[in-house]
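Structure, as structure tokens:
Computed from a predicted model, the values in this text were never measured in an experiment.
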Amino acid sequence: MIAQIVAGGKDFFLTDVQAQWAAEMGLIRIGEGVAKIPAPVRERFAEQPWRLLLDMRDLARRQLDDLDPHRVWRTLTVDVPRLRGYLAEVLIPGV
């Protein structure tokens with residue numbers, strides 16, 4: 001879902017409220033998954049953007065006015081792919 005939203009491009013995302021809401025829900029779901037990872041495990045892999053993903057989840061969940069679409073876009077295009085690549089490497093080594 002997030003890959004489809006990003007594929008529309010930044011200009012589309014910044015003007016389409018439905019895409020923004022869908023992205024926010026995706027970030028909530030990712031954040032919920034990250035929150036289930038025990039803190040000691042997150043600490044072992046400190047190079048991952050755990051705190052950012054948890055903070056974005058909290059902002060999206062609370063629907064705060066501070067949720068800047070530019071910040072969401074950065075998370076979608078920088079942090080989520082980085083985490084996805086890392087998980088693919090760890091969960092499916094050699095692929």
Side-chain angles (χ1 to χ4, degrees):
M1 166 76 96
I2 288 178
Q4 291 171 337
I5 293 168
V6 170
K10 185 176 183 178
D11 290 336
F12 168 77
F13 177 77
L14 294 176
T15 60
D16 189 296
V17 174
Q18 188 174 12
Q20 293 173 21
W21 284 27
E24 291 169 15
M25 181 53 70
L27 292 175
I28 289 170
R29 293 184 75 178
I30 291 169
E32 290 299 323
V34 167
K36 293 178 183 176
I37 300 171
V41 173
R42 290 195 311 254
E43 290 168 7
R44 274 188 27 221
F45 302 99
E47 70 279 3
Q48 295 308 313
W50 308 123
R51 184 77 260 152
L52 176 63
L53 292 167
L54 291 169
D55 290 347
M56 289 298 288
R57 173 209 56 184
D58 292 343
L59 284 172
R61 191 170 53 191
R62 293 183 187 127
Q63 294 297 307
L64 296 177
D65 292 336
D66 293 340
L67 193 56
D68 176 18
H70 294 277
R71 184 174 176 195
V72 173
W73 178 258
R74 183 196 173 285
T75 301
L76 296 176
T77 59
V78 175
D79 298 310
V80 170
R82 184 172 138 202
L83 181 59
R84 181 186 301 127
Y86 168 76
L87 291 174
E89 182 180 312
V90 169
L91 298 176
I92 312 170
V95 172

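- Val80 and Phe45 fall within a single hydrophobic cluster, where Ile, Leu, Val, Met, Phe, Trp and Tyr side chains are chained together by heavy-atom contacts under 4.5 Å.
- Hydrophobic clustering (side-chain heavy atoms under 4.5 Å, transitive across Ile, Leu, Val, Met, Phe, Trp, Tyr) groups Val34 together with Met1.
- Shown here for Val72 and Met56, the closest heavy-atom pair between the two residues is CG2-CE, 3.5 Å.
- Two residues are said to be in side-chain contact when any heavy atoms from C-beta on lie closer than 4.5 Å; Ile30 and Leu83 meet this criterion.
- Distance OG1/Thr77 to CD1/Ile2: 11.0 Å, rounded to 0.5 Å.
- Considering all non-hydrogen atoms of both residues, Leu54 and Gly31 come closest at CD2-O, 3.5 Å.
- Atoms OG1 and CG, from Thr75 and Leu52 in turn, are 4.5 Å apart once rounded to the nearest 0.5 Å.
- Inter-residue side-chain proximity for Gln48 and Ile37 is flagged as unmet; no heavy-atom pair is nearer than 4.5 Å.
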(message) For a side-chain contact (heavy atoms from CB on, under 4.5 Å) check, start with the C-alpha distance between Arg57 and Glu32, then their side-chain angles and the critical distance, and finish with the verdict.
(response) CA-CA 7 Å; Arg57 173 209 56 184; Glu32 290 299 323; 3.2 Å; yes
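- Residue Arg84 qualifies as enclosed at atom CZ: its count of foreign heavy atoms under 6.0 Å is above 12.
- By the criterion of side-chain heavy atoms lying less than 4.5 angstrom apart, applied directly or through intervening Ile, Leu, Val, Met, Phe, Trp or Tyr residues, Val6 is grouped together with Leu53 in one hydrophobic cluster.
- For the pair Arg42 and Arg51, the minimum side-chain heavy-atom distance is 4.5 Å or more.
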(request) For the pair Trp73 and Val78, evaluate side-chain contact (heavy atoms from CB on, under 4.5 Å) and give the outcome as yes or no after the intermediate values. (result) CA-CA 8 Å; Trp73 178 258; Val78 175; over 6 Å; no
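- For the pair Pro69 and Leu14, the tightest heavy-atom approach, listed with the atom from each and the gap, is CB-CD2, 3.6 Å.
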(request) Kindly indicate, with the supporting measurements, whether the criterion side-chain contact (heavy atoms from CB on, under 4.5 Å) is fulfilled by Phe13 and Ile5. (result) CA-CA 7 Å; Phe13 177 77; Ile5 293 168; 3.6 Å; yes
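- When all heavy atoms of Thr15 and Gln20 are compared, the pair lying nearest together is N-NE2, 4.1 Å.
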